[in-house]
2 protein chains.
Amino acid sequence: MSAPVPLYQAKAEFFRILGHPVRIRVLELLQDGPRPVRDLLAEIGIEASSLSQQLGVLRRYGIVVSHREASTVVYEIAGGDIAELMRTARRILTELLVGQSELLAELREAEAVNR
Amino acid sequence: MSAPVPLYQAKAEFFRILGHPVRIRVLELLQDGPRPVRDLLAEIGIEASSLSQQLGVLRRYGIVVSHREASTVVYEIAGGDIAELMRTARRILTELLVGQSELLAELREAEAVNR
DNA sequence: ATCGGATTTGCAAAGTTCTTCAAGTCACTA
DNA sequence: TAGTGACTTGAAGAACTTTGCAAATCCGAT
């Protein structure tokens with residue numbers, strides 16, 4: 001058996017993979033079900049090869065899977081666990097960031113007053 | 001007002017910050033309450049300056065806050081929202097990774113059979 | 001004042017990740 | 001079977017991050 005990867009390292013890796021704007025957008029688009037690359041490309045609006053590179057990253061880490069359907073390739077989130085994780089992460093993060101931006105707004109006001 | 005950072009970008013950034021083994025460990029240690037740097041250092045076992053750099057990253061992004069207490073510096077997770085987020089992320093991620101390692105184990109067996 | 005422990009900062013070297021361009025594959029159709 | 005559209009892959013350079021050393025800072029004790 002290979003040395004077990006420490007859990008904290010696996011977690012860090014997972015977060016790191018999520019930590020890229022294109023990858024996050026892809027995952028959010030796949031949230032609602034499988035989508036052909038063509039769609040993702042249209043929504044995200046970057047070079048095909050860049051998107052493909054990022055899809056490759058998600059694929060290699062087992063976060064999404066793809067299959068060919070005639071001449072197009074369709075991606076979807078791999079396994080139910082991951083979909084669940086993504087939903088929760090999304091919810092929490094959205095709350096968090098809304099909270100933070102309120103905080104930031106307050107800070108900005110405070111600053112303005114002190115100027 | 002400055003241009004609003006798109007939400008997906010803020011999310012990506014947040015995940016990216018979490019995506020480092022030392023930073024994850026720090027956050028998990030702070031889960032149970034404030035801790036002096038000395039403690040973190042002892043638990044994590046890396047160079048003081050490396051730890052300090054990573055604490056700096058967490059600090060700059062407002063994920064932790066620190067204050068001096070006599071000659072030691074104490075860190076803690078900033079704000080209730082972040083603590084909650086961390087707990088949930090932790091729970092989900094742990095489940096996910098356990099699931100994944102089971103999956104990996106199955107894949108390894110399947111491979112062994114096909115050799 | 002000076003020292004010593006605790007922590008942070010500045011900085012260069014090493015390592016990693018991103019982006020792009022060019023070339024490659026695959027499946028469909030003419 | 002040559003051509004085309006839809007993707008993927010390889011590779012190189014740019015951009016970014018991490019690491020560790022040395023110097024700086026801060027505080028309490030001498």
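Every chain is numbered from 1, with letters handed out A, B, ... down the list of sequences. Small disclaimer: the values here were computed from a predicted structure and weren't measured.
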Trainee: Charged N to carboxylate O under 4.0 angstrom, Glu76(A) versus Arg35(A)?
Mentor: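 Arg35(A) and Glu76(A): not salt-bridged.
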
Trainee: Starting at the 5' end of DNA chain C, which residue's closest nucleotide do you reach first, Ser71(A) or Leu41(B)?
Mentor: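 Residue closer to the 5' terminus by nearest nucleotide: Leu41(B).
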
Trainee: Whole angstroms only, please: what is the NE2-P distance between His20(A) and dC18(C)?
Mentor: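 Value for this atom pair: 5 Å.
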
Trainee: Quick check: closest heavy atoms across Leu51(B) and Ile46(B), and the distance to 0.1 Å?
Mentor: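 Here Leu51(B) and Ile46(B) meet closest at N-CD1, 3.5 Å.
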
Trainee: Could you tell me which non-hydrogen atom of Leu18(B) sits nearest to which non-hydrogen atom of Ile24(B), and how far apart they are?
Mentor: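 Between these two residues, the closest heavy atoms are O-CG1, 3.1 Å.
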
Trainee: Could you tell me which non-hydrogen atom of Ile44(A) sits nearest to which non-hydrogen atom of Val22(A), and how far apart they are?
Mentor: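 Heavy-atom minimum between the residues: CD1-O, 4.3 Å.
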
Trainee: Test your reading of the model: is there a side-chain donor-acceptor pair from Thr88(B) to the backbone of Glu84(B), 3.5 Å cut-off?
Mentor: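 Indeed, once roles are kept as given, a pair shorter than 3.5 Å links the two residues.
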
Trainee: Side-chain N or O of Ser50(A) versus OP1/OP2 of dT20(C): is the shortest distance under 4.0 Å?
Mentor: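 Answer is yes, contact under 4.0 Å.
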
Trainee: Which one, dT7(C), dC28(C), dT19(C), comes nearest to the side chain of Ala70(A)?
Mentor: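 The answer is dC28(C), which lies nearest to the side chain.
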
Trainee: To the side chain of Gln54(A), which of dT20(C), dT9(C), dT19(C) is closest?
Mentor: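 Among dT20(C), dT9(C), dT19(C), the one nearest the side chain of Gln54(A) is dT19(C).
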
Trainee: How would you give the extent of chain A contacts on DNA chain D, as first and last nucleotide 5' to 3' within a 4.0 Å heavy-atom cut-off?
Mentor: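 Answer, 5' to 3': dA6(D) to dA11(D).
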
Trainee: Could you state the CG-P distance from Leu58(B) to dT8(C), rounded to the nearest angstrom?
Mentor: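 Computing the Leu58(B):CG to dT8(C):P distance gives 12 Å.
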
Trainee: Please give, in whole Å, the distance from dA6(C) P to Ile44(B) CD1?
Mentor: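 Interatomic distance, CD1 of Ile44(B) to P of dA6(C): 17 Å.
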
Trainee: Please report, rounded to the nearest Å, how far the P atom of dT16(C) is from the CD atom of Gln9(A).
Mentor: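 Atom CD in Gln9(A) sits about 12 Å away from atom P in dT16(C).
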
Trainee: Which sits closer to the 5' end of DNA chain C, Arg68(A) or Arg16(A), going by the nucleotide each is nearest to?
Mentor: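 Going by which nucleotide is closer to the 5' end, it is Arg16(A).
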
Trainee: NA contact type, Ser52(B), heavy-atom cut-off 4.0 Å: base, sugar-phosphate, or nothing?
Mentor: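 It contacts base atoms.
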
Trainee: Within this structure, what is the CZ-to-C1' distance between Arg60(A) and dT16(C), rounded to whole angstrom?
Mentor: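 Roughly 14 Å, once rounded to whole Å.
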
Trainee: Is Arg23(A) near enough to dC18(C) that one of its side-chain N or O atoms lies under 4.0 angstrom from OP1 or OP2?
Mentor: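 So the side-chain polar atoms of Arg23(A) do come within 4.0 Å of the phosphate oxygens OP1 or OP2 of dC18(C), strictly under.
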
Trainee: Check whether any side-chain heavy atom of Val57(A) lies under 4.5 Å from a side-chain heavy atom of Arg23(A), and answer yes or no.
Mentor: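 Yes, close enough: below the 4.5 Å cut-off.
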
Trainee: Is the shortest side-chain N to carboxylate O distance from Glu43(B) to Arg25(B) below 4.0 Å?
Mentor: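 Result for this pair is no, no salt bridge flagged.
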
Trainee: Base, sugar-phosphate, or nothing for Ser49(B), non-hydrogen atoms under 4.0 angstrom?
Mentor: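 Touches a base.
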
